[in-house]
Trainee: 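Got a structure here, written out as structure tokens. Questions coming.
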Amino acid sequence: MDGIQFQMKPITIKMKLKKLVEKKISKVSGSSVDWVEEDSYFFKLSSWSEKLLKHYKDNKDFILPSSRKNEVVNFVEKGLKDLSVSRTSFSWGIPVPKNKKHVIYVWLDALTNYISALNFPDTNNKTYKKFWPANIHIIGKDILRFHAIYWPAFLLAAKLPLPARVFGHGWILSEDKKMSKSLGNILDPIEIIKRYGIDQLRYYLVKEVSLGNDGSISLENLKNCINNDLANNYGNLCQRVFSFVKKNCSNKIPKANKLADSDNKLLDHLKNNIPRLIELMNKQELNEYIKTVVSYSFDSNKYFNDSEPWSVKKKDPERMNAIIFTICEQIKNISILLNSIIPISTNKVLETMNIKKENRSINQITSLDCFDHDKELKDLDILFNKIEDDN
RNA sequence: GGCGAGGUAGCUCAGUUGGUUAGAGCACAGGACUCAUAAGCCUGGGGUCGGCGGUUCGAAUCCGCCCCUCGCUACCA
């Protein structure tokens, strides 16, 4: 803590505003609450209200989602009270310099971990330089205030750079209810992953849960989501196309000499949307992102149906090649767009298509044709097994 | 109590500054096809847009009142 110089002096505080007349018990735990008085150092949070408000105003997306931002701004506008940051009643905690009775405890010590873990106060340290200031803190909505008010105030006081963004995410509910032992509706993520698969769970959570809001895991919806979007749509699209390539194109992605309007329409629709997709990603609007991307998979299945490569292959093999090239290009692009959401599955697809790792970035999508047309496709097992009803 | 968000098809939601028969996905019911995980494609049924009243030629969209749901309302992280 030597790197941060706060001006602090010990004063006596009372932990509760009202004297307890009767024995009180905690609403949450039911245990009895005792009246305590002790000396404490205070962080002068009260003098940072205006500077924080200015920071929120100057940095529009510092707190996301905006509904949460409103709560925080509302809270700060009411005026902040100084914050007790030390205790004398126990010894674990960070010793206060020059006063051995006190240890630093509660938020000041906790939040500082973000930079002490990066070797602060050595601000020339490589790790610190690389990771601070952070691009984003993604934290639960229940600890937003501490990250959006206390932490920036501490950093401002220490004249250190602030993280670029604090995002308060919602909670995952089980069948619309908060998970609790007494209700018996706890969902064990490890069990779900074992049964449904890790990519499948990731996909479901990102798609069905708007990151800023609470979302619900319903096993029925999870099943539907896996079967429809992943197995029947994206997974089966890959399967039907690769199988067609194997049977009709010597298992190599053909070159296209001339693309038809319908081919370009399919490809351009995706490519023209890349800036918007990047924007959605940058604002953590992941569910909108994923819904947009999966719609390309729907479009692709329709395109494949309408183009009927199986019926043009004898009459017009050139045309068939253009169709197969187009659909492969599209599968590649969709796979890249989904790569951060379902990395294991999409990497299998990209591997099958012999796409080099350096060609798997979103920036590569607009550059046409990075296929090795002389190399055979690798075999691809079923990507997503369908979930059957068994309960 | 105060401040804020929201109530739209069975479910999850989208609906730009008010404008023609209110949309999507899932679920449900039919149909044609076959390259594919009996997958994909096409068509259809289904909504008094929380309630009442008002402004307007016209309101899911604006105004008022009411009902309901949710979030925040400081020193446990």
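Chain identifiers are assigned alphabetically (A, B, ...) following the order of the sequence lines, protein sequences preceding nucleic acid strands; residue numbering begins at 1 within each chain.
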Trainee: Output all residues satisfying salt bridge (charged side-chain N to carboxylate O under 4.0 Å, His left out) with A:K302, sequence neighbours left out; order by chain, then residue number.
Mentor: A:D306
Trainee: Shared ILVMFWY cluster between A:L53 and A:W48, side chains joined below 4.5 angstrom?
Mentor: yes
Trainee: What's the NZ-P distance between A:K81 and B:C75, to the nearest Å?
Mentor: 9 Å
Trainee: In terms of the angle between their ring planes, are A:F43 and A:F154 parallel, tilted or perpendicular, with boundaries placed at 30° and 60°?
Mentor: perpendicular
Trainee: Look at A:D372 together with A:K356 and state whether they make a salt bridge at an N to O cut-off of under 4.0 Å.
Mentor: no
Trainee: With rounding to the closest Å, how many angstrom separate the P atoms on B:C49 and B:G10?
Mentor: 12 Å
Trainee: How close or far is atom C1' of B:C75 from atom CG of A:L111, stated in whole angstroms?
Mentor: 12 Å
Trainee: Residues in side chain to side chain donor-acceptor pair (under 3.5 Å) with A:R165, at least two apart?
Mentor: A:Q284
Trainee: Distance check needed: B:C13 P versus A:N287 CG, whole Å only.
Mentor: 10 Å
Trainee: For atom C1', what is the distance between B:C42 and B:G53, given to the nearest Å?
Mentor: 45 Å
Trainee: In whole Å, what separates the C1' atom of B:G31 from that of B:G40?
Mentor: 14 Å
Trainee: For A:W171 and A:A110, find the nucleotide of RNA chain B closest to each by heavy atoms; which residue's nucleotide sits nearer the 5' end?
Mentor: A:W171
Trainee: With distance as the sole test, does A:H373 use its side chain to make a donor-acceptor pair with the main-chain N or O of A:I253 at under 3.5 Å?
Mentor: yes
Trainee: Could you tell me how far B:C13 sits from B:G47 if I compare only their C1' atoms? Round to whole Å.
Mentor: 14 Å
Trainee: Between protein and nucleic acid, restricted to nucleotides 2-5 of chain B and to nitrogen or oxygen atoms under 3.5 Å apart, what atom pairs and distances do you find?
Mentor:
{"from": "B:C3", "atom 1": "O2'", "to": "A:N74", "atom 2": "ND2", "distance (Å)": "3.0"}

Trainee: Not counting sequence neighbours, which residues clear side-chain contact (heavy atoms from CB on, under 4.5 Å) with A:R319? List them please.
Mentor: A:A260, A:S262, A:D263, A:Y303, A:V312, A:D316, A:A322, A:I323
Trainee: Roughly, in whole Å, what's the span from NE2 in A:H169 to C1' in B:G71?
Mentor: 16 Å
Trainee: Could A:R240 and A:F304 be counted as a cation-pi pair, given that NZ or CZ must be under 6.0 Å from the ring centre and within 45° of the axis?
Mentor: no
Trainee: I'd like the C1' distance from B:U20 over to B:U61, given in whole Å.
Mentor: 16 Å
Trainee: B:C11 P sits how many Å from A:K223 NZ, rounded?
Mentor: 18 Å
Trainee: What's A:D229 touching, base or sugar-phosphate or nothing? Going by heavy atoms closer than 4.0 Å.
Mentor: nothing
Trainee: Under 4.0 Å, heavy atoms only, any strand: does A:G79 hit a base, just the sugar-phosphate, or nothing?
Mentor: base
Trainee: Between B:G18 and B:A59, how far is it from one C1' atom to the other, in whole Å?
Mentor: 6 Å
Trainee: Over how many whole Å does the gap from A:E220 atom CD to B:G10 atom P extend?
Mentor: 18 Å
Trainee: Taking the six-membered ring for Trp, is the centroid-to-centroid distance between A:Y105 and A:F90 below 6.0 Å?
Mentor: yes
Trainee: Quick one, A:Q330 with A:L267, criterion side chain to side chain contact (heavy atoms under 4.5 Å, CB included). Give me CA distance, side-chain angles, the key distance, then yes/no.
Mentor: CA-CA 6 Å; A:Q330 188 77 346; A:L267 297 173; 3.5 Å; yes
Trainee: Can you tell me which stems RNA chain B forms, taking runs of 3 or more consecutive Watson-Crick or G-U pairs with both distances under 3.5 Å?
Mentor: B:1-7 with B:67-73, B:10-13 with B:23-26, B:28-31 with B:41-44, B:50-54 with B:62-66
Trainee: Within the 4.0 Å limit for protein heavy atoms, which parts of nucleotides 33-44 of chain B are touched? Write it as a string from 5' to 3', B for base, S for sugar-phosphate only, - for none.
Mentor: --BBB-SBSS--
Trainee: Can you name the nearest heavy-atom pair linking A:S340 to A:R202, along with the distance?
Mentor: O-NH2, 2.9 Å
Trainee: Look at the side chain of A:E329 and the backbone N and O of A:F371, then say whether any donor-acceptor pair between them is shorter than 3.5 Å.
Mentor: no
Trainee: Rounded to whole Å, how long is the line connecting atom OH of A:Y204 with atom C1' of B:C26?
Mentor: 11 Å
Trainee: Given the P atoms of B:C26 and B:U43, what is the spacing between them in whole Å?
Mentor: 13 Å
Trainee: Whole-Å distance between B:A74 C1' and A:L144 CG?
Mentor: 13 Å
Trainee: Between B:C62 and B:U8, how far apart are the two P atoms, rounded to whole Å?
Mentor: 16 Å
Trainee: Should the ring pair A:W151 and A:H137 be called parallel, tilted or perpendicular, given that the plane angle runs from 0 to 90° and is split at 30 and 60?
Mentor: tilted
